[in-house]
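When reading the values below, keep in mind they use all heavy atoms of this one structure, side chains included, and skip hydrogens, waters and symmetry mates. All values derive from a computational prediction rather than experimental measurement. Ligands are counted one by one from 1 in listed order, and the atoms in each one are counted from 1 as well.
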Amino acid sequence: MTLFPVDKDDYKPLGKTGEKLSAIGLGSWAIRDYNEALQSYIYAVSLGINHFDTAEMYGAGEAEEFIGRVVREVGRDSVFITTKLYPYRFRDRDEAVKAARQSAERMGVKYIDLVLIHWPDPQVSIQEQVRNLEAIAEAGVARYIGVSNFDVSELEEAIYAARKHEIVVDQVKYSVVDRRIERSLLPFAIKNGITIQAYSPLERGQVAHIKLLARIGRKYGKTAIQVGLNFVISRPRVVAIPKAEKKEHVKEIAESMGWRLNEEDIEYIETKL
Ligand SMILES: NC(=O)c1ccc[n+]([C@@H]2O[C@H](COP(=O)([O-])OP(=O)(O)OC[C@H]3O[C@@H](n4cnc5c(N)ncnc54)[C@H](OP(=O)(O)O)[C@@H]3O)[C@@H](O)[C@H]2O)c1
């Protein structure tokens, strides 16, 4: 028996909103060549990838500007944009709304789809952070709200604190070799309808070199990267947000959708890796 029921859908629900995100999205941290990346991200949308992740922190605003360039090429309705704001922004309602507006402006969009607290701020109660996060949705700058790097008790508190807008996402580190969230956060998310956005799902490229994954992949005509991502998106409620600026990497990543590892192989990876 696998640890979780296998989710075979390549379009996953966003919280309880009724919206769907492709099982794979693209991150935008540490892009080296924005011109090369532009072509890759446009290509990604043509392969069925429909969401991008960014943050005001990445490249000190440059990554958001880049997402804006991509969106102008592919059309605003083709992509769902997540951005993350520094935790200190959520100490004050006006500061939070202002920062979100600045992010939207950098991207040249009228609204952000999803705004997250990048990580919890130990200096302010979660209740206060979430109230100020909600203000962004109330002001119409973001459609949905969520959190990042919140553990299960912090997430629970955030859900409880939200009044008018539900927390729909927790963006956390999750990969085939870093499965810490499977202990309590993932079961909690599945039970409560929270979408997990799995960041660093390639372990910054290291997953490509895992021999066990390459061996399993041969059976399916897939690579280690594709097996590693397929494992992650086979979990209910999980979408992965790898980053890839090389076109061939984007193709390889996109082809981790459209099929599933069988239960025996998932179980084998669960026990042997
Ligand atoms: N919320 C948070 O605190 C947080 C923290 C970290 C990351 N994130 C988000 O998650 C995204 C992804 O995480 P990440 O950037 O840390 O790492 P990642 O997705 O695990 O790895 C990215 C690296 O893998 C390489 N790669 C991509 N496809 C590949 C392939 N098919 N074969 C071999 N290598 C491949 C990329 O190379 P190329 O770029 O050269 O193609 C890049 O160097 C970030 O960009 C960011 O948006 C969020």
Q: I'd like to check which ligand 1 atoms, numbered from 1 as shown, lie under 4.0 Å from a non-hydrogen atom of Lys84.
A: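 Close to Lys84: 1 (N).
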Q: Taking the six-membered ring of Tyr11 as reference, does the cationic atom of Lys20 (NZ for Lys, CZ for Arg) lie under 6.0 Å from its centre and within 45° of its axis?
A: no
Q: So does Arg93 pair up with Glu128, basic N to acidic O under 4.0 Å?
A: no
Q: Of the protein's non-hydrogen atoms, which lies at the shortest distance from atom 47 (O) of ligand 1, and what is that distance?
A: Asp53 OD2, 2.6 Å
Q: Near Ala244, which atoms of ligand 1 are under 4.0 Å from a heavy atom of that residue?
A: 27 (C), 28 (N), 39 (O), 41 (O)
Q: What are the two closest heavy atoms between Ile31 and Ala37, and how far apart are they?
A: CG2-CB, 3.8 Å
Q: If we count only N and O atoms by modelled type, under 3.5 Å, do the side chains of Glu64 and Ser103 hold a donor and an acceptor together?
A: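 Result is yes, a qualifying pair exists.
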Q: Report, in ascending order of atom number, the atoms of ligand 1 lying under 4.0 Å from any heavy atom of Gly205.
A: 21 (O), 23 (C), 24 (O)
Q: Who's the nearest protein heavy-atom neighbour of atom 14 (P) of ligand 1, and how far?
A: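 Ranking protein heavy atoms by distance from atom 14 (P) of ligand 1, first comes Ser200 OG, 3.7 Å.
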Q: Does Arg76 count as lying over the ring of Tyr111, i.e. NZ or CZ under 6.0 Å from the six-ring centre, within 45 degrees of the axis?
A: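 Yes, cation above the ring, under 6.0 Å and within 45°.
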Q: How far is atom 45 (O) of ligand 1 from its nearest protein heavy atom, and which residue and atom is that?
A: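 Residue, atom and distance for the closest contact: Trp29 N, 2.9 Å.
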Q: Does ligand 1 have any atom that is closer than 4.0 Å to a heavy atom of Trp119?
A: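 For ligand 1, residue contact (heavy atoms, under 4.0 Å) with Trp119 is absent.
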Q: Is there a donor-acceptor pair under 3.5 Å between the side chain of Thr223 and the backbone N or O of Gln226?
A: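 Yes; at least one donor-acceptor contact below 3.5 Å.
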Q: Relative to each other, are the rings of Tyr41 and Phe52 parallel, tilted or perpendicular (30° and 60° limits)?
A: tilted
Q: Give the residue, atom name and distance (to 0.1 Å) of the protein heavy atom nearest atom 37 (O) of ligand 1.
A: His249 ND1, 3.5 Å
Q: Run the contact test for Arg32 against ligand 1 with a 4.0 Å cut-off on heavy atoms, strictly below, and give the result.
A: yes
Q: If we only count heavy atoms from C-beta on, is the Val115 to Val141 side-chain gap below 4.5 Å?
A: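 No. Closest side-chain heavy atoms not under 4.5 Å.
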Q: Tell me whether Arg260 contacts the main-chain N or O of Asp9 through its side chain, where contact means a donor paired with an acceptor under 3.5 Å.
A: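 Present.
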Q: Strictly below 4.0 Å, N to O, side chains only: are Lys251 and Glu255 in salt-bridge contact?
A: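 Looking at Glu255 together with Lys251, the answer is yes, because their closest N to O distance falls below 4.0 Å.
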Q: Show me which atoms of ligand 1 lie under 4.0 Å from any heavy atom of Glu203.
A: 20 (O)
Q: For ligand 1, which atoms sit closer than 4.0 Å to a heavy atom of Pro242?
A: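 Listed by number with element: 12 (C), 19 (O).
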Q: Do ligand 1 and Thr54 have nitrogen or oxygen atoms that lie under 3.5 Å from each other?
A: no
Q: For atom 21 (O) of ligand 1, which protein heavy atom lies nearest, and how many Å away is it?
A: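 I find the closest protein heavy atom is Arg204 CA, 3.1 Å.
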Q: What distance do Phe150 atom CZ and Asp170 atom CG have between them, rounded to the nearest 0.5 Å?
A: 7.5 Å
Q: How far is atom 6 (C) of ligand 1 from its nearest protein heavy atom, and which residue and atom name does that atom have?
A: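 The closest heavy atom on the protein side is Tyr199 CD1, 3.3 Å.
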Q: Answer with side chain, backbone, both or neither: which part of Leu202 has a heavy atom less than 4.0 angstrom from an atom of ligand 1?
A: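 Answer for Leu202: both.
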Q: List ligand 1 atoms under 4.0 Å from Ser148, heavy atoms only on the residue side.
A: 1 (N), 2 (C)
Q: Which bit of Glu252 is near ligand 1, meaning a heavy atom under 4.0 Å away: side chain, backbone, both or neither?
A: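 For Glu252, only side-chain atoms sit under 4.0 Å from ligand 1.
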Q: Any idea which atoms of ligand 1 are less than 4.0 Å away from a heavy-atom of His118?
A: 1 (N), 2 (C), 3 (O)
Q: Determine the interplanar angle of the Tyr34 and Phe66 rings, folded into 0 to 90°, and report it as parallel if under 30°, tilted if 30 to 60°, perpendicular if over 60°.
A: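 Tilted.
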Q: Can you tell me which residue and heavy atom of the protein come closest to atom 15 (O) of ligand 1, and the distance to 0.1 Å?
A: Lys243 CB, 3.5 Å
Q: Geometry only, no angles: is Ile253 polar-contacting ligand 1 at N/O separations under 3.5 Å?
A: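 There is no such contact.
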Q: At a non-hydrogen distance cut-off of under 4.0 Å, which region of Ala55 contacts ligand 1 (side chain, backbone, both, or neither)?
A: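 Neither part.
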Q: Work out which heavy atom in Leu26 is nearest to a heavy atom in Ala44; give both atom names and the distance.
A: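 Smallest interatomic distance, heavy atoms only, reads CD1-CB, 3.7 Å.
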Q: State, without any angle test, whether Lys243 and Tyr199 hold a side-chain donor-acceptor pair at a distance under 3.5 Å.
A: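 The answer is no; no qualifying pair exists.
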Q: Write out the residue and atom name of the closest protein heavy atom to atom 3 (O) of ligand 1, then the distance separating them to 0.1 Å.
A: Asn149 ND2, 2.9 Å
Q: Just going by heavy-atom distances, which of Glu36, Gln171, Met57 is nearest to atom 1 (N) of ligand 1?
A: Gln171
